[in-house]
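Note that ligands are numbered from 1 as they come in the structure, with each ligand's atoms numbered from 1 the same way.
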Amino acid sequence: MGTISLLIPVLAGCWVYNDAKTRGHTTGSAMLWAAGTVALLIVFLPLYLIIGRKQQVRTKPELRDEKTIDVEATVVEETVICPMCASKVQEDFKICPYCGYTLKPKCETCGQELKREWKTCPNCNTSAPQK
Ligand SMILES: [Zn+2]
Ligand SMILES: [Zn+2]
């Protein structure tokens, strides 16, 4: 009986310590929770489950924020500057929505999509429309 009643709070304390650490608690805060659990299991374990584990809820939106930033960064990479009005436009836009500049002209003869830098259509050698 004596061994078990000692072992359970210690095991619970170890679990609380590890759990608190994985949830982003500082070592000091995790050790406080663990020490409290070992000393007063009945009080500190439920308290930790209610208050201590709330930390996880706080870190989740932060992770989501990081992901949104990543997505925004990729969007920024895919933008090009309109040579006409210097607005940021999406790379796959064919026409600048701000000034109507043709960002990706098409060959008038065969309809091949041309890059702005191209002077002639690589398909049929028609000279590309220059604006
Ligand atoms: Zn433009
Ligand atoms: Zn062509």
Asker: Verify the neighbour count for atom NZ of K104: are there more than 12 heavy atoms of other residues, nucleotides or ligands below 6.0 Å?
Answerer: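 Yes.
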Asker: Looking only at the side chains, is there a donor atom on one of K21 and T27 sitting less than 3.5 Å from an acceptor on the other?
Answerer: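 Yes.
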Asker: Keeping Y98 on the side-chain end and M84 on the backbone end, is there a donor-acceptor pair under 3.5 Å?
Answerer: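 Judged by distance alone, no pair lies under 3.5 Å.
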Asker: About how many Å separate OG1 of T79 and CG of D92, when rounded to the nearest 0.5 Å?
Answerer: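 With rounding to 0.5 Å, CG (D92) is 11.0 Å from OG1 (T79).
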Asker: Taking the Zn ion (ligand 1) as the vertex, measure the angle between atom SG in C85 and atom SG in C99; round to 10°.
Answerer: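 SG of C85 and SG of C99 make an angle of 110° at the Zn ion (ligand 1), to the nearest 10°.
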Asker: The Zn ion (ligand 2): which protein N, O or S atoms are under 2.8 Å away?
Answerer: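 The answer, once waters are left aside, is C107 SG, C110 SG, C121 SG, C124 SG.
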Asker: Once rounded to the nearest 0.5 Å, what's the spacing between atom OG1 of T37 and atom CD1 of I42?
Answerer: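 Answer rounded to 0.5 Å: 11.0 Å.
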Asker: Please work out which of the three classes, parallel, tilted or perpendicular, describes the rings of H25 and Y48, given edges at 30° and 60°.
Answerer: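 Ring orientation of Y48 relative to H25: tilted.
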